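Because the structure is predicted, anything quoted here is derived from the model rather than measured.
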Amino acid sequence: MFAHGQTVIQYVEQLAPKALAVEGDKIGLHVGTLNKQVKKVMVALDVLEEVVDEAISEKVDLIVAHHAVIYRPLKHLRTDLAAGRVFEKLLKHDIAVYTAHTNLDAAAGGLNDWLAEAIGLSDVEVLDVSYQEPLKKLVVYVPLSHRDAVFQAVSEAGAGWVGNYSHCSFQVEGTGTFLPREGTNPHIGQQGTLERVEEVRLETVMPASRQAAVIKAMLAAHPYEEVAYDVIPLEASGTRLGIGRIGKLTQPVTLRELAEQIKERFSLTGVRVVGDLDAPVRKVAVVGGDGSSFVSKAIFRGADVFVTGDIGYHTAHDAQAEGLFIIDAGHNIEKIMKEKLASYLAEKLKANGYQTEVFPSSVHTDPFQFV
């Protein structure tokens, strides 16, 4: 059994919800349709013509990319020019393109967490918080006989998390009343008779994004024909997410040593470095892609060194004046997402019984090289 296109993207958005994207970011479906069976998925950083040729050769149905294939407004779609040929090939071969960009950057367990892990950071925090997930409280009344089943169901669906603690709830016993009317089929009692049942008031919190899944799981586990429950918005917020990460190396190293480590771990031929190569560093900020607008944030958060790409000449001077070291490893270090996202999707699909194949693009898309 092969997955439907919408199912594949549902798994992508479980990892990287659209709500995490910065305003105006070009995410989502760019080319083609998801209303089809998908036998092969290719994960790519960039959708260049060489990448599309690879997808055609591999008989791919869907490309999940990090960078948008439609980023600037199209003035024309000429198939005698490079950009037009990309779209012509995609459409002729029925290859859909879906983009997960800043939502994947900001996601918990997404791109910037993958970068922080590869660098070897611990005590990792979000560098620039841009999103705090709203929380809701679920209150449901359950007969004592089904307390554990309902509690376990909502917990497994994503409710009950407070920080790193799971299965958090408040439960109090009491008496519930109901009178089944004509046309009902009560689990307890009979039509026309007022029933008094020993019940539990079960309260727990849930992220707003998990509400539908939690309610579905609760209703499936609950024995009643009509379930009494409330969903209450909370003033408190949940997980703090955003662009970039900041953390510490297990022990200090020199700026030169860290630059060499990054070259090795990301298979680079060179990096640009700002700062004293022999100075010790330990606190590291990282932003995948173009991190030039986050230099001041890295300074404010007390980073010794900022690992990112696309740093301009004057921005480097500003950082240098403030004592912030920079390792400009290039925009292309985001290529780490190809293997990571492909592995995530493959595991999700396999766990749900789908035979859809997922693999990372093998095309190297960095336009820069060191000579």
Apply side chain to side chain contact (heavy atoms under 4.5 Å, CB included) to the pair Leu138 and Val154, showing each step before the final yes or no.
CA-CA 9 Å; Leu138 171 65; Val154 298; 4.1 Å; yes
Ring centres under 6.0 angstrom apart (His67, His101):
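Aromatic pair counts; centres sit under 6.0 Å.
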Begin from the C-alpha positions of His364 and Asn332 and carry the test side chain to side chain contact (heavy atoms under 4.5 Å, CB included) through to its verdict.
CA-CA 9 Å; His364 182 63; Asn332 196 253; 3.9 Å; yes
I'd like to know whether Glu203 forms a salt bridge (Lys or Arg N to Asp or Glu O under 4.0 Å) with Lys137, so could you lay out the CA-CA distance, the side-chain angles of the two residues, the decisive distance to 0.1 Å, and finally the verdict.
CA-CA 7 Å; Glu203 298 184 14; Lys137 179 190 286 188; 3.4 Å; yes
Under the side-chain hydrogen bond (donor to acceptor under 3.5 Å, both in side chains) rule, what do Tyr98 and Glu13 come out as? Steps first, then yes or no, please.
CA-CA 11 Å; Tyr98 178 92; Glu13 292 179 359; 2.5 Å; yes
Taking only Lys NZ, Arg NE, NH1 and NH2, and the carboxylate oxygens of Asp or Glu, determine whether [X] and [Y] approach each other closer than 4.0 Å.
X      : Y      : result
Lys340 : Glu117 : yes
Asp80  : Arg85  : no
Asp278 : Arg256 : yes
Glu173 : Arg201 : no

Is [Y] reachable from [X] through a run of I, L, V, M, F, W or Y residues, each pair having side-chain heavy atoms under 4.5 Å apart?
X      : Y      : value
Ile215 : Val150 : yes
Ile262 : Leu115 : yes
Val363 : Ile63  : yes
Phe87  : Val51  : yes
Leu202 : Leu135 : no

State whether a side-chain donor-acceptor pair under 3.5 Å links [X] with [Y].
X      : Y      : result
Ser292 : Asp290 : yes
Ser209 : Glu133 : yes
Gln132 : Thr239 : no
His331 : Asp366 : no

Over 12 non-hydrogen atoms of neighbours within 6.0 angstrom of [atom1] in [X]:
X      : atom1 : answer
His314 : NE2   : no
Lys39  : NZ    : no
Lys40  : NZ    : yes
Glu58  : CD    : yes
Tyr165 : OH    : no

Contacts of type salt bridge (charged side-chain N to carboxylate O under 4.0 Å, His left out), residue Arg240, not counting sequence neighbours
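Partners of Arg240 under the salt bridge (charged side-chain N to carboxylate O under 4.0 Å, His left out) test: none.
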Just to verify, which of Leu45, Leu341, Asp46 counts as forming a side-chain contact (heavy atoms from CB on, under 4.5 Å) with His66?
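For His66, the side-chain contact (heavy atoms from CB on, under 4.5 Å) check succeeds only for Leu45.
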Would you call the rings of Tyr224 and His187 parallel, tilted or perpendicular, where under 30° means parallel and over 60° means perpendicular?
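The rings of Tyr224 and His187 sit tilted, inter-plane angle from 30° to 60°.
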Smallest separation among heavy atoms of Ile27 and Ala21, with atom names:
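Smallest interatomic distance, heavy atoms only, reads CD1-CB, 3.6 Å.
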Intermediate values then yes/no, side chain to side chain contact (heavy atoms under 4.5 Å, CB included), Leu349 and Tyr11:
CA-CA 8 Å; Leu349 289 162; Tyr11 296 145; 3.7 Å; yes
With side chain to side chain contact (heavy atoms under 4.5 Å, CB included) as the criterion, how do Val284 and Ile327 come out once you've worked through the C-alpha distance, each side chain's angles and the decisive distance to 0.1 Å?
CA-CA 10 Å; Val284 182; Ile327 297 176; over 6 Å; no
Between Asp53 and Lys89, does the salt bridge (Lys or Arg N to Asp or Glu O under 4.0 Å) criterion hold? Intermediate values first, please.
CA-CA 8 Å; Asp53 288 339; Lys89 290 179 178 182; 2.8 Å; yes
Given side-chain hydrogen bond (donor to acceptor under 3.5 Å, both in side chains), test Gln14 with Lys348 step by step and report yes or no.
CA-CA 10 Å; Gln14 283 178 9; Lys348 276 284 189 181; 3.1 Å; yes
Show the numbers, then the answer: is there a side-chain hydrogen bond (donor to acceptor under 3.5 Å, both in side chains) between Glu156 and Gln152?
CA-CA 6 Å; Glu156 291 178 355; Gln152 192 63 26; 3.1 Å; yes
